[in-house]
Number of protein chains: 2
Amino acid sequence: MTDKEPITMDDIARLARVSKPTVSRALSGSPLVRPETREHVLAVARQYGYAVNRNAQKLRHKRTNTICVSIDYGSFRKNHITDPFIFDLLAGVSEALGELDQDILLCSPKHNGFDFLQQVYLSRGADGFIFLGQGHRENLLQQFSSSTAPFIVWGAKKKNNRYCVVGSDNYRGGMLAGNYLLGKNRRQILFVGDISHPEIGFRRRGLEDSVARCPEPVTVDVLVLNSFSFESALASANHYLSRATGTPDGVFAYSDTAAMAFIYAFQKAGFAVPGDVSVVGYNDLSSAAFFHPAITTIRQDTYLAGELLVKKLMRLVDQKKTVSGFIPTELIVRET
Amino acid sequence: MTDKEPITMDDIARLARVSKPTVSRALSGSPLVRPETREHVLAVARQYGYAVNRNAQKLRHKRTNTICVSIDYGSFRKNHITDPFIFDLLAGVSEALGELDQDILLCSPKHNGFDFLQQVYLSRGADGFIFLGQGHRENLLQQFSSSTAPFIVWGAKKKNNRYCVVGSDNYRGGMLAGNYLLGKNRRQILFVGDISHPEIGFRRRGLEDSVARCPEPVTVDVLVLNSFSFESALASANHYLSRATGTPDGVFAYSDTAAMAFIYAFQKAGFAVPGDVSVVGYNDLSSAAFFHPAITTIRQDTYLAGELLVKKLMRLVDQKKTVSGFIPTELIVRET
DNA sequence: CTGAAAGCGCTTACAG
DNA sequence: CTGAAAGCGCTTACAG
């Protein structure tokens with residue numbers, strides 16, 4: 001049981017009684033071919049189920065029309081996806097890339113380091129890269145920025161970044177959350193998240209700045225979380241509640257997942273949400289809407305994000321200039 | 001600002017003072033090259049940052065070492081991923097594919113139809129296909145099975161399927177759920193899900209069969225859901241509660257998302273979960289664990305699933321026989 | 001508008 | 001163990 005010999009352009013040329021270049025032109029829609037010739041060639045190609053070998057095509061072209069997408073698998077743990085937001089983003093990016101007829105090369109966890117990615121570029125496996133999740137991959141990204149590969153990152157802009165970033169307006173997200181909590185008369189606010197992540201640092205700063213405008217005294221405490229997982233957030237929450245001197249009356253969590261963990265912990269500890277504590281999350285995961293109580297959160301449109309990431313990356317691939325950009329953030333008020 | 005001319009194997013051959021075939025052999029780890037020669041070639045290649053052009057490579061080889069993954073975007077709605085389970089699966093598949101050094105070509109929603117997929121295969125874009133989510137794509141899959149492309153599907157086996165399937169043991173999952181509900185002394189059970197999906201049909205049958213063994217009279221009602229989204233599940237739940245003659249005391253939902261919707265609706269309608277109604281979900285989404293109340297559900301190991309899908313697909317790619325397979329299901333007892 | 005020729009960057013017999 | 005030659009399946013000047 002062997003594969004039938006695949007049909008080549010030569011075969012189609014012979015069958016259509018034209019030359020190979022004519023077949024090539026007809027198939028690529030070149031104007032340099034008579035309409036009748038084109039129709040005839042296309043008909044023969046269709047009849048024999050011919051498809052241009054894309055590897056030969058890519059070999060001849062400089063462009064591969066492939067974009068490599070690297071996910072921050074640091075947010076993963078074996079057997080457990082800890083924050084699904086990154087997949088919302090992937091869906092947005094995949095949609096935008098599809099619209100431009102770009103192939104998507106998805107990196108697996110094993111092939112997510114600098115060497116492999118660099119190799120993909122040098123071996124003409126992709127024209128450019130999209131990094132979903134900055135997380136703690138600063139080193140990788142800095143390394144990458146001294147290579148010539150075009151790439152763009154979902155995350156936040158840092159001063160020493162030499163690469164372009166698309167992200168939600170984290171600072172404004174923080175301000176929105178702060179204003180919301182202040183409006184609920186919350187005065188002892190807890191910020192939850194790893195502020196060494198640039199994105200999360202901005203959210204915290206936005207929170208602090210909104211609080212600074214409040215005429216009454218407000219405290220902002222920061223609880224650093226070192227993992228993206230719910231379990232770890234829950235452990236931190238329990239630990240915090242067990243030793244906190246005063247209980248916060250407002251929480252701004254860096255993700256909906258963390259918000260859920262804190263709500264859970266507060267409820268178990270006998271506090272009512274939102275009676276005793278108001279909580280604001282981030283990302284507007286679909287599960288945030290139907291958590292009980294439904295979580296007030298900051299939304300960022302992942303389809304817009306995908307579009308912007310792709311648009312900017314394609315400029316870089318085309319050797320044009322581009323700059324970092326932001327997706328607007330929006331406060332979604334629900335029950336907490 | 002033009003691209004530097006990329007380095008080719010010819011360049012490396014010249015620089016290393018050997019022939020091109022020797023470079024090729026050294027780089028591919030052929031035993032037909034003296035260790036010292038190999039080392040020297042590798043050193044030169046490394047020094048000049050050379051990477052073999054993978055398009056040329058794929059053109060020469062019959063194999064592309066690329067697997068195309070097609071996600072059932074039917075479970076999506078613009079701006080809204082309605083059931084994140086498919087992404088758990090994607091993570092599992094991506095991990096397994098990475099272990100075998102296979103590239104992953106991810107289909108975008110726009111390029112997810114038969115013609116495009118067929119084109120990918122004929123144009124040597126991929127050696128095989130993994131379909132994540134059978135859903136209502138039966139037509140596509142049947143079409144595909146009469147092409148020569150190797151592929152495998154996450155889903156359930158139907159009698160008239162001519163293709164291989166890997167799925168959770170849905171029937172057993174249904175039995176587990178049924179036994180759990182019966183054990184809680186539930187006697188009016190509602191099954192929620194679109195039973196025309198083969199996977200979901202099996203769960204229902206498992207439920208029915210477990211109930212049939214109960215000596216006491218038990219009713220099983222079926223509520224068909226036509227969408228995967230939470231919102232639509234919630235609407236159905238509310239509608240059901242508003243017109244149901246008797247309220248069920250046990251619910252088995254086809255997904256955790258749907259389970260959440262029903263719990264939500266029940267609570268709003270004044271019923272206690274699990275006091276008045278026991279609920280079992282499916283998939284064990286990470287959010288199921290920290291929903292309030294935490295959801296009792298059926299777990300399927302998505303990493304195991306990825307491994308099995310990939311293992312079976314690779315057999316097909318290698319022209320070997322394979323058969324459909326199952327992932328064990330496990331009841332995860334939580335609060336509901 | 002069409003075709004003959006060259007070449008993209010590899011790998012694989014083949015010969016030594 | 002190594003190299004000269006051919007060829008994978010295309011596209012792109014070039015010539016007409």
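Here is how names work: the chains are called A, B, and so on, in the same order as the sequence lines, proteins then strands, and each is numbered from 1.
- Evaluation of the side-chain hydrogen bond (donor to acceptor under 3.5 Å, both in side chains) test over residues 104-115 of chain A, restricted to residues two or more places apart or in two chains, returns A:S70-A:N112, A:K110-B:D101, A:H111-B:D101.
- Residues of residues 29-42 of chain A having a heavy atom closer than 4.0 Å to DNA chain C, listed by number: A:P31, A:L32, A:V33, A:R34, A:T37.
- Here A:R63 pairs with A:D127, A:D318 under the salt bridge (Lys or Arg N to Asp or Glu O under 4.0 Å) rule; sequence neighbours left out.
- DNA chain D contains the following stems of three or more consecutive Watson-Crick or G-U pairs, with both distances under 3.5 Å: C:1-3 with D:14-16, C:5-12 with D:5-12, C:14-16 with D:1-3.
- With sequence neighbours excluded, the residues satisfying ring pair (Phe, Tyr, Trp, His ring centres under 6.0 Å) with A:Y163 are A:F151.
- Listed for the A:S24 side chain is no donor-acceptor partner under 3.5 Å among the backbone atoms of A:K20.
- In this structure, a donor-acceptor pair under 3.5 Å is absent between the side chains of B:S30 and B:R25.
- For the pair A:T22 and C:dG3, the criterion of a side-chain N or O lying under 4.0 Å from OP1 or OP2 is met.
- With a 6.0 Å radius and a threshold of 12 heavy atoms from other residues, nucleotides or ligands, A:R17 has its CZ atom at or below the threshold.
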A:L27/A:M9 under side chain to side chain contact (heavy atoms under 4.5 Å, CB included): CA gap, chis, key distance, verdict: CA-CA 10 Å; A:L27 256 28; A:M9 194 173 274; 4.3 Å; yes
Under 3.5 Å between N/O atoms: give me all the protein pairs with nucleotides 7-11 of chain D, atom names plus distance.
| residue | atom | partner | partner atom | Å |
| --- | --- | --- | --- | --- |
| D:dG7 | N2 | B:R60 | NE | 3.3 |
| D:dG7 | N2 | B:R60 | NH1 | 2.2 |
| D:dC8 | O2 | B:R60 | NE | 3.2 |
| D:dC10 | OP1 | A:Y50 | OH | 2.5 |
| D:dC10 | OP1 | A:N53 | N | 3.2 |
| D:dC10 | OP2 | A:M9 | N | 2.7 |
| D:dC10 | OP2 | A:Y50 | OH | 3.3 |
| D:dC10 | O5' | A:Y50 | OH | 3.2 |
| D:dC10 | N4 | A:K20 | NZ | 2.7 |
| D:dT11 | OP1 | A:Q57 | NE2 | 3.0 |
| D:dT11 | OP2 | A:S24 | OG | 2.3 |
| D:dT11 | O2 | A:R60 | NH1 | 2.6 |

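- Note: A:F87 CZ to A:T302 OG1 = 13.5 Å, rounded to the nearest 0.5 Å.
- Of the possible donor and acceptor atoms, one in the side chain of A:R137 sits under 3.5 Å from a partner among the backbone N and O of A:G133.
- For the pair B:K157 (side chain) and B:S324 (backbone), a donor-acceptor distance under 3.5 Å is absent.
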